[in-house]
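Shown next, in structure tokens, is the structure this report addresses.
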Amino acid sequence: MELNYKAIGKRIKISRIKSDLTQERLAEIVGVSPSHMSNIETGTTRVSLTTIVAIANALYVTVDELLCDSLAAARAPFEKDIADILEDCSEYELRMISDMAKALKESLRKGEYLYKNPRKTNGDF
């Protein structure tokens with residue numbers, strides 16, 4: 001399995017911004033150069049496990065939160081992402097998002113079923 005370094009870098013950047021840290025300050029805390037931190041955030045370099053742990057500790061997040069795009073079982077970080085998205089929604093927005101999520105879930109499950117059962121395309125599942 002190949003790690004998605006761009007997704008990892010994006011999550012690091014988002015967590016860094018939420019923690020109100022500059023790239024330079026995070027690099028200093030973690031003990032890497034600012035240019036290396038930039039390369040980590042853009043996904044142009046591979047990041048070591050030791051550095052991932054140091055970054056997670058500096059940002060007060062779990063390693064799972066940073067690696068969730070590369071993990072097969074990473075439900076909690078995605079649930080947190082959804083909760084963060086919904087946090088400032090109005091009642092109307094919540095209702096609309098709920099309706100869209102239900103429709104998307106149904107469509108995904110139907111698509112998955114049809115993918116696994118290509119001969120059964122009459123719409124029954």
Side-chain angles (χ1 to χ4, degrees):
M1 178 193 171
E2 190 68 28
L3 292 178
N4 186 341
Y5 289 101
K6 289 194 183 302
I8 294 167
K10 182 178 178 183
R11 287 196 175 274
I12 290 170
K13 181 177 181 177
I14 290 168
S15 296
R16 175 182 58 77
I17 291 168
K18 284 181 180 179
S19 296
D20 199 30
L21 291 173
T22 64
Q23 214 174 55
E24 292 77 16
R25 180 66 182 130
L26 179 57
E28 181 182 328
I29 294 168
V30 172
V32 299
S33 70
S35 63
H36 186 55
M37 184 58 66
S38 175
N39 289 334
I40 291 170
E41 286 190 4
T42 58
T44 56
T45 189
R46 293 175 180 245
V47 57
S48 71
L49 181 58
T50 304
T51 303
I52 284 283
V53 171
I55 291 169
N57 286 333
L59 297 173
Y60 296 97
V61 298
T62 67
V63 173
D64 283 358
E65 287 179 68
L66 300 179
L67 299 178
C68 64
D69 297 298
S70 301
L71 299 174
R75 185 178 178 111
F78 290 114
E79 288 174 343
K80 183 179 179 305
D81 285 350
I82 291 169
D84 289 347
I85 291 166
L86 300 177
E87 184 177 15
D88 66 345
C89 288
S90 68
E91 185 176 322
Y92 172 77
E93 291 169 332
L94 285 172
R95 288 180 189 199
M96 294 299 294
I97 291 169
S98 174
D99 289 346
M100 287 187 284
K102 288 173 190 172
L104 177 59
K105 179 180 169 184
E106 182 180 328
S107 181
L108 287 170
R109 288 185 175 177
K110 182 177 181 179
E112 181 180 32
Y113 176 83
L114 293 175
Y115 177 75
K116 290 179 178 177
N117 303 284
R119 296 192 190 273
K120 300 177 182 180
T121 58
N122 64 0
D124 296 331
F125 68 103

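What's counted below: heavy atoms across the whole structure, side chains too, no hydrogens, waters or symmetry copies.
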Any chance you could measure [X], atom [atom1], to [Y], atom [atom2], to the nearest 0.5 Å?
X	Y	atom1	atom2	answer
Met96	Met100	CE	CE	5.5 Å
Tyr5	Ile40	OH	CD1	10.5 Å
Glu41	Asn39	CD	CG	10.0 Å

>> Regarding Arg25 and Glu28, does a basic nitrogen lie under 4.0 Å from an acidic carboxylate oxygen?
In response: yes
> Would you call Glu106-Lys102 a salt bridge at under 4.0 Å N-O?
Replying inline: no
> So which heavy atom on Pro34 is nearest to which on Gln23, and how close?
Replying inline: O-OE1, 4.3 Å
> Considering all heavy atoms of both residues, which atom of Ile52 and which atom of Leu66 are nearest to each other, and what is their separation?
Replying inline: O-CD1, 4.1 Å
Taking side chain to side chain donor-acceptor pair (under 3.5 Å) as the definition, give me every residue that meets it alongside [X], ordered by chain and number, with sequence neighbours left out.
X	value
Lys6	none
Glu87	none
Ser35	Ser33

> What do you reckon, is CG of Asp88 surrounded by more than 12 foreign heavy atoms closer than 6.0 Å?
Replying inline: yes
Could you work out, with side-chain contact (heavy atoms from CB on, under 4.5 Å) as the rule, every residue matching [X], not counting sequence neighbours?
X	result
Lys18	Ile14, Asp84
Leu59	Ile12, Ser15, Arg16, Ser19, Leu21, Leu26, Ile55, Val61
Leu86	Ile82, Cys89, Leu94, Ile97

>> Is there a path of hydrophobic side-chain contacts, each under 4.5 Å between heavy atoms, that joins Val32 and Val63?
In response: yes
>> Do Ile29 and Tyr60 sit in one hydrophobic cluster, given that two such residues count as connected whenever their side-chain heavy atoms are within less than 4.5 Å of each other, even indirectly?
In response: no
> Does Ser107 reach the main-chain N or O of Ala103 with its side chain, forming a donor-acceptor pair under 3.5 Å?
Replying inline: no
> Only one of Thr51, Asn57, Thr50 clears side-chain contact (heavy atoms from CB on, under 4.5 Å) with Val53; which?
Replying inline: Asn57
